[in-house]
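Note that this is a predicted model, so its numbers are computed, not measured. Just so it is clear: chains get the letters A, B, ... in the order the sequence lines come, proteins before strands, and each one is counted from 1.
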There are 2 protein chains.
Amino acid sequence: MANKIKFERESVVRLASQLFWQKGFHATSTRDLQEAINMRPGSIYSAFGSKEGLYSESLKDYTLQMKAQIESFLSNADSVLEGLHAFVEHVIIETKDCSPSAICMLVKANSEFAEKDANLYELSLNQAAEFEVYLTQLFEQAINNGELNSSLTALEYARFFQVQFTGLRGYFNRPDVTQLAQPMIEQMFLLIKKL
Amino acid sequence: MANKIKFERESVVRLASQLFWQKGFHATSTRDLQEAINMRPGSIYSAFGSKEGLYSESLKDYTLQMKAQIESFLSNADSVLEGLHAFVEHVIIETKDCSPSAICMLVKANSEFAEKDANLYELSLNQAAEFEVYLTQLFEQAINNGELNSSLTALEYARFFQVQFTGLRGYFNRPDVTQLAQPMIEQMFLLIKKL
DNA sequence: TTTTAGCTTGAGCAATCGCTCAAAATCAAC
DNA sequence: GTTGATTTTGAGCGATTGCTCAAGCTAAAA
């Protein structure tokens, strides 16, 4: 059975994901990637097919990771909304200086790929849609738990959450406004409850 | 005094701005630009110095244009909030299919330039800050006119507006959700008045 | 009409891009 | 130890990148 692959696909994809998230697809060269994941072109292209293929896998992994992170916050919280609140604070405040970017990689992707028929544009839409479904399920729970009244549907709450969360992350992608984050996140969740 | 320049700087910058806005800085090649603005490399580099120089001028022009557009809506409206409301609806709904991108060029720029010391990153921050000052002045007016109570400062209203507006534009940068735009914009302005 | 300062042109440079593939290295099976 | 299927390596290909500059062109000044 000959030789075995020497790299761990998971950790390689994670490293690539970090670099793509930070620099974007077009600004990341294959040589940047080679260094970041410590693989030579031949191995990369045999494993992922193309730069696009590696990016594709990276973005999917990013979505999974984000869901896993939310799950982790939910399991340590007394309610869905408290879990989401802790997650949002963690992303915007605590990981501000150690994250590849303040802006969600899905949002960056959706912003970068303009050509409506391109593979990566479609991918970014699909991942965003998938995440919206996930969020909707969470708000369904929140409604069933009585945390929220049902003046809005779960999907509408999910949409509102996404707009607020993306808006805030974009706003805090700059230096010297960190002290504003906490109150604005507080305001966001007050609004959700009062909708 | 020898020969005269044959291009109109304003319209050239506007054309470049459209292309940069659509494709982003890194995905736009100088040959794309040559075709779009109908100039040869020598002329471009003598007039703008570099691709970065042309982008820089394009982004500044974009900010000016956006302000001018808001001014135009304000002069046709009975109040600041009505003017802003019409502007937001125009940007998100009416120009959805004829605009280079659903996402604000300033936001795209802020998302694309990751390296904290790069010129274009600094530029995107400065332009965003400048726009926030402008918005704050508008909300100052709105407060003075009695359109808003002063439970928040003008700056806080401006921040809230930016978060909502960017969040919404990001959300509507995808097909088949157009019918949601109107009610969500309505909701945004209801929230502003109730803050 | 001639001069000449300055704009325009576009061939093409050096660097970098995404990617290929023949050769070397590796390790399970025998 | 030998074999042989499979992975890893990295020199380097053709294409494209941002950009330069000598030559040509244009029009105001003389």
Student: Would you sort out whether R9(A) and E57(A) count as a salt bridge (charged side-chain N to carboxylate O under 4.0 Å, His left out), showing the intermediate values?
Tutor: CA-CA 10 Å; R9(A) 199 175 182 89; E57(A) 205 154 320; 2.7 Å; yes

Student: Give the rounded distance in Å between these two atoms: NZ of K23(A) and C1' of dT16(C).
Tutor: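 One finds 13 Å between C1' of dT16(C) and NZ of K23(A), rounded.
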
Student: Could you pull out all residues at least two apart from Q22(A) that satisfy side chain to side chain donor-acceptor pair (under 3.5 Å)?
Tutor: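 Listed in chain order: nothing, the list is empty.
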
Student: Please tabulate, for the side chains in residues 156-164 of chain B, all donor-acceptor contacts under 3.5 angstrom to protein atoms that are two or more places apart in sequence or on a different chain.
Tutor:
residue	atom	partner	partner atom	Å
E156(B)	OE1	T153(B)	N	2.8
E156(B)	OE1	T153(B)	OG1	3.4
Y157(B)	OH	N149(B)	O	3.0
Y157(B)	OH	N149(B)	OD1	3.3
R159(B)	NE	Y171(A)	OH	3.2
Q164(B)	OE1	Q164(A)	NE2	2.9
Q164(B)	NE2	Q164(A)	OE1	2.9

Student: To the nearest Å, how far apart are E35(A) CD and dT16(C) P?
Tutor: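 Spelled out: CD on E35(A) to P on dT16(C) is 14 Å.
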
Student: Give the rounded distance in Å between these two atoms: CD1 of I44(A) and P of dA11(D).
Tutor: 15 Å

Student: Do the non-hydrogen side-chain atoms of H26(A) and E112(A) ever get within less than 4.5 Å of each other?
Tutor: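 Yes - at least one pair of side-chain heavy atoms lies under 4.5 Å apart.
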
Student: Between dT9(C) atom C1' and R40(B) atom CZ, what is the distance in whole Å?
Tutor: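 Rounding to the nearest Å, CZ of R40(B) and C1' of dT9(C) are 8 Å apart.
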
Student: Between the protein and nucleotides 18-22 of chain D, list the N/O to N/O atom pairs that are separated by less than 3.5 angstrom.
Tutor:
residue	atom	partner	partner atom	Å
dG18(D)	OP1	T28(B)	O	3.3
dG18(D)	OP1	K51(B)	NZ	2.6
dG18(D)	OP2	T30(B)	N	2.6
dG18(D)	OP2	T30(B)	OG1	2.9
dG18(D)	N7	R31(B)	NH1	3.0
dG18(D)	O6	R31(B)	NH2	3.0
dC19(D)	OP2	Y45(B)	OH	2.7
dC19(D)	OP2	K51(B)	N	2.8
dC19(D)	O5'	Y45(B)	OH	3.4

Student: Rounding to an integer number of Å, can you tell me how far N38(A) CG sits from dT7(D) C1'?
Tutor: 15 Å

Student: Give the rounded distance in Å between these two atoms: CE of M39(B) and P of dC7(C).
Tutor: 11 Å

Student: Answer yes or no on whether K51(A) is positioned over the face of F25(A), meaning its NZ or CZ is under 6.0 Å from the six-membered ring centre and within 45° of the axis.
Tutor: yes

Student: Measure across T136(A) and A154(A) and return the closest heavy-atom pair with its distance rounded to 0.1 Å.
Tutor: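 Answer, listing the atom of T136(A) first, then A154(A): O-CB, 3.5 Å.
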
Student: For S46(B) and for D32(A), find the nucleotide of DNA chain C with the closest heavy atom, then tell me which residue's nucleotide is more 5'.
Tutor: S46(B)

Student: What is the distance, rounded to the nearest whole Å, between atom CD of E8(A) and atom C1' of dT7(D)?
Tutor: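 Rounding to the nearest Å, CD of E8(A) and C1' of dT7(D) are 16 Å apart.
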
